[in-house]
Amino acid sequence: MKRAIVLLSGGIDSTTTLAIAKAEGFDVYALSFDYGQRHGVELESARRNAAKYDVKKHLVIRFDMREIGGSALTSEMEVPKERLNQDSEVNKASSVIPVTYVPARNTIFLSFALAWAETINSEDIFIGVNAVDYSGYPDCRPEYIKAYEDMANFATKASVEGSARFNIRTPLIDLSKSRIIKMGTKLGVDYSLTWSCYDPVEKDGQYVPCLLCDSCLLRAKGFKEADIEDPLLSKV
């Protein structure tokens, strides 16, 4: 079986992407990151989904982006709340890059994935970026993915020697959040095992979503438009 690296944050998009890679018959190697994010609770969701899908290996890379800062997710900056109105066009807000953008995050993540892919002789790297219902991050656009793929095939021993041609796979990039949820549901994704919130709130000894940050609102919009109840909310 062919091997694939899947970037797995534990959210809706990355977990659906994991399910797609498994459905396509890949042996999956899941890659997550503990980079000092304030929503580190997402890593437990990543671990649960990696176990559910019986990945060959789940690697969690640890480094501290708080030393660099520049984002509300890696500093004490306030996470914006109610920036996106569920009844408005989300992409109108996407023209402004929010403070939850983490500088160069996907470039860093993909670089680790590329190194691992070259090491295990994998040509396919899956990442759940989305350019429809998203928060305006520049490293989620198709142009960025194409540029990174081109770089990967210039910058690695495997590609230069002709033994590999790397593919950055983005199966969700043109889908709305509701279509992603419908697709994942058909593939058997348990969305109660996923996490989206940027600014978790502790309640009765456990973390619950804030329900007001961009990521929570995009999640709520997706489930509403898919006409599916969010199973995570029934557990909190």
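These numbers come from a predicted model, not from an experiment.
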Problem - Considering all heavy atoms, the nearest T100-S71 contact - result: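 Closest pair (atom of T100, atom of S71, distance): O-OG, 3.4 Å.
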
Handout entry: Passing option when V6 is tested against L18, I125, L31 for side-chain contact (heavy atoms from CB on, under 4.5 Å)
Key =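 Testing V6 for a side-chain contact (heavy atoms from CB on, under 4.5 Å) against L18, I125, L31 leaves exactly one candidate, L18.
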
Can you name the side chain to side chain donor-acceptor pair (under 3.5 Å) partners of [X], sequence neighbours left out?
| X | value |
| --- | --- |
| R66 | E76 |
| T107 | Y144 |
| K2 | none |
| S9 | S14 |

Handout entry: Results of salt bridge (charged side-chain N to carboxylate O under 4.0 Å, His left out) for D190 - residues two or more places apart only
Key =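 Here no residue qualifies.
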
Handout entry: Pair listing, side chain to side chain donor-acceptor pair (under 3.5 Å) test, anchored in residues 53-64, at least two apart
Key =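 Output for this query lists S32-H58.
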
Problem - Inter- and intrachain pairs under side chain to side chain donor-acceptor pair (under 3.5 Å), touching residues 37-47, at least two apart - result: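 Output for this query lists Q37-E42, R38-D199, H39-E42, S45-R48.
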
Practice task
Using the salt bridge (charged side-chain N to carboxylate O under 4.0 Å, His left out) rule, collect all pairs that involve residues 173-188, keeping only residues at least two apart or in two chains.
Solution key: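 Qualifying pairs, neighbours excluded: D13-K177.
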
Partners meeting side chain to side chain contact (heavy atoms under 4.5 Å, CB included) with [X] (sequence neighbours left out):
| X | value |
| --- | --- |
| I68 | M65 |
| V160 | none |
| E118 | T156, K157, A158, F166 |

Problem - Side-chain heavy atoms of P231 within contact of F223, under 4.5 Å - result: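 Yes. Closest side-chain heavy atoms under 4.5 Å.
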
Practice task
Using the six-membered ring wherever Trp is involved, compare the ring planes of Y198 and Y137 and label them parallel, tilted or perpendicular (cut-offs 30° and 60°).
Solution key: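 Geometry flag for Y137 against Y198: tilted rings.
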
Exercise for the section: Any ring-ring contact (aromatic ring centres under 6.0 Å, His included) involving residues 100-125? Give me the pairs, sequence neighbours left out, ordered by first then second residue. Expected result: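 Only Y29-W116, F33-F109, F33-F112, Y35-F109, F63-F112 qualify under ring-ring contact (aromatic ring centres under 6.0 Å, His included).
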
